[in-house]
J.: 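So that we are looking at the same thing, I have put the structure below in structure tokens.
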Amino acid sequence: MSITVAGHYVVRQVERADPAVLTELRGAGVATVHEAAGRIGLLGPSIRARQDGAAVAGSAITVSCQPGDNLMIHAAVEVCRPGDVLVVTTTSPSTDGMFGDLLATSLIAHGVVGLVIDAGVRDIATLREMGFPVWSRAVHAQGTVKASPGSVNVPVVAAGQIVRPGDIIVADDDGVVALPIALGPEVVAAAGKRLDNEAAKREQLAGGVLGVDMYNLRPLLDKLGVQYVDELP
């Protein structure tokens with residue numbers, strides 16, 4: 001849903017993140033970025049990847065639509081720039097198929113790298129063939145109209161998470177995370193440290209080291225009263 005703003009607007013100018021930061025965060029992945037950012041910004045699991053293996057990172061162009069009406073998605077295309085991610089919400093819950101292959105064709109022509117929509121998409125087989133990544137609440141053939149006003153580039157709420165115009169969006173098989181632009185560089189640094197640490201742990205686990213020893217969990221198990229026995233008493 002959108003955050004209440006008096007009137008309806010298409011805001012043309014949006015601050016965008018450094019492309020180098022976006023590249024690093026896309027490579028790190030949603031789970032690592034979420035942890036590195038202090039576990040903030042994660043959209044709820046109702047918004048799911050509709051393809052396997054896609055990973056994107058870009059600046060958010062936000063759209064607030066009336067349910068069952070995709071007029072403002074069409075209006076948003078004009079302000080999109082290469083590398084953007086379109087984030088679409090509705091003013092009340094909707095699963096209607098507000099987005100399909102024709103809109104995807106238009107977004108691709110303007111360099112948009114993916115769609116996150118807290119509603120439905122359709123033409124999903126064609127979208128996959130086109131290689132256009134989408135994360136949506138639903139896949140639903142129900143069509144929509146183009147009749148009602150909304151806004152572009154205003155703060156919105158997608159799957160319980162506030163997304164502001166220009167926010168860094170990272171999306172992959174694990175979900176979607178949204179972060180303020182200012183956090184980008186420090187999250188890149190923290191994500192790099194996490195990835196290095198995980199690589200070292202992966203090597204230990206591959207060599208047969210047990211997680212309870214690597215993480216020093218045996219004292220905790222003992223404190224919690226967990227007993228090792230050969231058979232139940």
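These numbers come from the heavy atoms of this one structure, side chains and all, not from hydrogens, waters or symmetry mates.
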J.: Can you tell me how far the CE atom of Met72 sits from the OG atom of Ser64, to the nearest 0.5 Å?
T.: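 Those atoms lie 8.5 Å apart.
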
J.: Using a 6.0 Å cut-off, check whether atom CD of Glu78 has over 12 heavy atoms from anything other than its own residue.
T.: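 It does not: Glu78 CD has 12 such atoms or fewer within range.
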
J.: Are Val87 and Leu115 linked, directly or through other ILVMFWY residues, by side chains that come within less than 4.5 angstrom of each other?
T.: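 No, Val87 and Leu115 fall in different hydrophobic clusters.
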
J.: Verify, without hydrogens or angle tests, whether Asn153 (side chain) and Ile61 (backbone) share a donor-acceptor contact under 3.5 angstrom.
T.: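 Looks like no, no N/O pair under 3.5 Å.
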
J.: Is a donor on one side and an acceptor on the other found under 3.5 Å between the side chain of Gln161 and the backbone of Gly44?
T.: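 Between the backbone of Gly44 and the side chain of Gln161 there is no qualifying donor-acceptor contact (under 3.5 Å).
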
J.: How long is the straight-line distance from NZ of Lys146 back to CD1 of Ile73, given to the nearest 0.5 Å?
T.: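 Going from the CD1 atom of Ile73 to the NZ atom of Lys146 covers 9.0 Å.
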
J.: If we check side-chain hydrogen bond (donor to acceptor under 3.5 Å, both in side chains) with Arg137, which of these qualifies: Asp118, Thr90, Thr89, Thr95?
T.: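 The side-chain hydrogen bond (donor to acceptor under 3.5 Å, both in side chains) with Arg137 is passed solely by Asp118 among Asp118, Thr90, Thr89, Thr95.
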
J.: Look at atom CZ of Arg48 and say whether more than 12 heavy atoms of other residues, nucleotides or ligands are closer to it than 6.0 Å.
T.: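 Result for CZ/Arg48: open.
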
J.: How about CD on Glu15, more than 12 heavy atoms from neighbouring residues, nucleotides or ligands closer than 6.0 Å, or not?
T.: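 It does not: Glu15 CD has 12 such atoms or fewer within range.
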
J.: Hey, what do you get for CE (Met130) to CG (Leu107), rounding to the nearest 0.5 Å?
T.: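 Answer rounded to 0.5 Å: 9.0 Å.
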
J.: Using only atom types and a distance under 3.5 Å, with no angle test, would you say the side chain of Asp101 pairs donor to acceptor with the backbone of Asp123?
T.: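 Side chain of Asp101 to backbone of Asp123: no pair is present.
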
J.: How far does CG of Leu210 sit from CD of Gln204, to the nearest 0.5 angstrom?
T.: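 Those atoms lie 11.0 Å apart.
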
J.: Is a donor from one side chain sitting under 3.5 angstrom from an acceptor on the other, for Asn197 and Lys201?
T.: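 Checked: Asn197/Lys201 side chains pair up, N/O donor to acceptor below 3.5 Å.
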
J.: Is a donor on one side and an acceptor on the other found under 3.5 Å between the side chain of Asp167 and the backbone of Arg164?
T.: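 Present.
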
J.: Any chance you could measure Phe132, atom CZ, to Ile124, atom CD1, to the nearest 0.5 Å?
T.: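 Phe132 atom CZ to Ile124 atom CD1 measures 11.0 Å (nearest 0.5 Å).
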
J.: Under 3.5 Å, is there a donor-acceptor pair between the Ser136 and Arg50 side chains?
T.: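 Yes.
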
J.: Walk me through it: do Val176 and Val170 pass the test side chain to side chain contact (heavy atoms under 4.5 Å, CB included)?
T.: CA-CA 6 Å; Val176 182; Val170 185; over 6 Å; no

J.: Under 3.5 Å, side chain of Thr62 to main-chain N/O of Val154, donor-acceptor pair present?
T.: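 At least one qualifying donor-acceptor pair exists.
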
J.: Supply the atom-to-atom distance Gln142 CD to Asp96 CG, rounded to the nearest 0.5 angstrom.
T.: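 Output value for this atom pair is 5.0 Å.
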
J.: For the residue pair Ser148 / Asp69, report whether a side-chain donor-acceptor contact shorter than 3.5 Å exists.
T.: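 Yes, Ser148 and Asp69 have a side-chain donor paired with an acceptor closer than 3.5 Å.
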
J.: So Arg16 and Asp84, do their side chains get closer than 4.5 Å, heavy atoms only?
T.: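 Contact flag for Asp84/Arg16 side chains = yes.
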
